[in-house]
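Below is one structure; the comments refer to it alone.
Basis for what follows: all heavy atoms, side chains included, without hydrogens, waters or symmetry-related copies.
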Amino acid sequence: MPASDFIKKEKEEVRLQAFLAHCGVASRRASEQIILDGRVAVNGVVVTELGTKVKEGDKVTVDGKTVHLEARKCYVLLNKPAGFVCSASDEKGRQVAADLLKDSYKERLYNVGRLDMYSKGMILFTNDGDFAAKLSHPSSQIEKEYIVETSQDVTEETAKLLEKGVRVDNVFYKCVRCQVLKPRKIKIILIEGKNREIRKMLESQNIGTRSLVRVRIGNVNLDDLKPGEHRDLTPREVKGLLEMCKGE
């Protein structure tokens, strides 16, 4: 939803978590947790109810700082290096991926989806709550492609097994496709993206992961973007990603 349309809606009343998402605080789901943690106040009163609504003229603060709707919507692709975490901040003092964008964007951007600290490659950032919600929803079914270098050989039989699916600690993991490029280099395509999914699938077959790089999300490719570099998504890429979402 464009900011102008959201502002019109806000004159009626909108849910607080949706307002925070459109202010670029965090995704709608992450904003819900921020509210539950007691970090949000409306007109000076701390609010912890997810059903709370706000309207034009209300003063909303997060951690004591006033937040405002952002007129410009940003859609950014970052090639995340290893060693950076995908979160707004890190209590352990580790490097945060969003910090790599601070010099280029005054807007408050948050990541859509995650890569673990040791993984590299594509991560999307935005301040558009609706865009983030659609792409992050489990039903979106958007493909994510990874190139993985392993510590042991991966056979064609193992690749087929990962496509069929494996159960690890009572959780079922399954990839759309696993292609052996070299004995110790594979291409994996996922649509779910559970936490550390690829690493856990490989570990279940006694195969270690030496390097994991996400090279594609839906219709957007990493191409020759170098680690630490970023670029804006094109309008066509944004439109294509939204069109790929199966539903919410």
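- Taking CG from Leu20 and CZ from Arg28, the interatomic distance works out to 10.5 Å, rounded to the nearest 0.5 Å.
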Thr48 vs Leu36, side chain to side chain contact (heavy atoms under 4.5 Å, CB included): CA-CA, chis, key distance, verdict: CA-CA 5 Å; Thr48 56; Leu36 292 172; 5.5 Å; no
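- Contact of the Phe125 side chain with the Glu107 side chain is not registered, since no non-hydrogen atoms from C-beta on lie closer than 4.5 Å.
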Worked check of side chain to side chain contact (heavy atoms under 4.5 Å, CB included) between Val154 and Lys182: CA-CA 8 Å; Val154 179; Lys182 296 179 180 179; over 6 Å; no
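- The shortest distance between side-chain heavy atoms of Thr52 and Val40 does not fall below 4.5 Å.
- Between the side chain of Asn43 and the backbone N or O of Asp58 there is no donor-acceptor pair closer than 3.5 Å.
- Closest of all the heavy-atom pairs between Ala132 and Thr126 is CB-CG2, 4.0 Å.
- Side-chain atoms of Ile207 and Met201, non-hydrogen and from C-beta on, never get closer than 4.5 Å to each other.
- Nearest heavy-atom pair, Leu190 versus Cys175, reported as atom, atom and distance to 0.1 Å: CD2-CB, 3.6 Å.
- Screening residues 74-83 for side chain to side chain donor-acceptor pair (under 3.5 Å), with sequence neighbours left out, gives Tyr75-Asp128.
- By the 4.5 Å heavy-atom criterion applied to side chains, Thr158 and Leu202 are not counted as neighbours.
- The two residues Gly38 and Val46 come nearest to each other via the heavy atoms O-CG1, 3.7 Å.
- To the nearest 0.5 Å, the span separating CD on Glu32 from CG on Asp37 amounts to 12.0 Å.
- Shortest non-hydrogen contact noted between Leu222 and Gly121 is CD2-CA, 4.4 Å.
- Hydrophobic clustering keeps Leu101 apart from Ile217 (ILVMFWY residues linked when any side-chain heavy atoms are closer than 4.5 Å, directly or through intermediates).
- Atom CZ of Arg196 sits about 10.5 Å away from atom CE of Met117, to the nearest 0.5 Å.
- A continuous path of ILVMFWY side-chain contacts below 4.5 Å connects Leu115 to Ile188, so both sit in one hydrophobic cluster.
- Leu100 CG to Gln95 CD: the interatomic distance, rounded to the nearest 0.5 Å, is 7.5 Å.
- In this structure the side chain of Gln17 reaches within 4.5 angstrom of the side chain of Ile35, judged on heavy atoms.
- Looking at heavy atoms from C-beta onward, His22 lies in side-chain contact with Leu69 at the 4.5 angstrom threshold.
- Under a hydrophobic clustering in which Ile, Leu, Val, Met, Phe, Trp and Tyr are joined whenever their side-chain heavy atoms come within less than 4.5 Å, directly or via other members, Val25 and Phe19 fall into the same cluster.
- With a 6.0 Å radius and a threshold of 12 heavy atoms from other residues, nucleotides or ligands, Lys200 has its NZ atom above the threshold.
- Checked by atom type and distance alone, the side chain of Asn127 pairs as donor or acceptor with a backbone atom of Arg72 at under 3.5 Å.
- At least one donor-acceptor pair under 3.5 Å links the side chain of Gln152 to the backbone N or O of Gly208.
- With rounding to the nearest 0.5 Å, the separation of NZ in Lys120 from OG in Ser211 is 3.5 Å.
- Cluster membership for Ile198 and Val215, using ILVMFWY side-chain heavy atoms within less than 4.5 angstrom, is not shared.
- Here the side chain of Asn111 pairs no donor or acceptor atom with the backbone of Arg114 at under 3.5 angstrom.
- Across all non-hydrogen atoms, the minimal contact from Pro227 to Pro81 is C-CG, 4.2 Å.
- For Lys102, the NZ atom counts as loosely surrounded, since its 6.0 Å shell holds 12 or fewer non-hydrogen atoms of other residues, nucleotides or ligands.
- Other cluster members for Ile191: Val176, Ile189, joined by side-chain heavy-atom distances under 4.5 Å among Ile, Leu, Val, Met, Phe, Trp and Tyr.
- If you chain together hydrophobic residues whose side chains sit under 4.5 Å apart, Val238 and Leu77 fall into the same group.
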Ser140/Leu135 under side chain to side chain contact (heavy atoms under 4.5 Å, CB included): CA gap, chis, key distance, verdict: CA-CA 6 Å; Ser140 65; Leu135 264 64; 5.7 Å; no
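- Applying the side-chain hydrogen bond (donor to acceptor under 3.5 Å, both in side chains) criterion to Arg177, with sequence neighbours excluded, gives Gln179.
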Only pairs under 3.5 Å count here: list side-chain donor-acceptor contacts from residues 163-174, not counting sequence neighbours, and write none if there are none.
{"unit_1": "Glu163", "atom_1": "OE2", "unit_2": "Cys178", "atom_2": "N", "d": "2.8"}
{"unit_1": "Arg167", "atom_1": "NH1", "unit_2": "Asn170", "atom_2": "O", "d": "3.4"}
{"unit_1": "Lys174", "atom_1": "NZ", "unit_2": "Glu163", "atom_2": "O", "d": "3.4"}

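- Counting only residues at least two apart or in different chains, salt bridge (Lys or Arg N to Asp or Glu O under 4.0 Å) contacts with residues 137-147 comprise Glu143-Arg216, Glu145-Arg216.
- The shortest side-chain heavy-atom distance between Glu197 and Tyr146 does not fall under the 4.5 Å cut-off.
- Salt bridge status for Arg199 with Glu203: absent, with no side-chain N to carboxylate O gap under 4.0 Å.
- Not one N or O on the side chain of Arg184 forms a donor-acceptor pair closer than 3.5 Å with the backbone of Glu149.
- The environment of CZ in Arg231 is crowded: more than 12 heavy-atom neighbours from other residues, nucleotides or ligands sit within 6.0 Å.
- The nearest pair of heavy atoms linking Ser31 to Ala26 is OG-O, 3.3 Å.
- Within the structure, side chain to side chain donor-acceptor pair (under 3.5 Å) contacts touching residues 59-69 (residues at least two apart or in different chains) are Arg39-Asp63.
- In this structure, Phe131 and Leu241 have side chains that are in contact, with non-hydrogen atoms separated by less than 4.5 Å.
- Here the NZ atom belonging to Lys53 is positioned 12.0 Å from the CG atom belonging to Leu16, to the nearest 0.5 angstrom.
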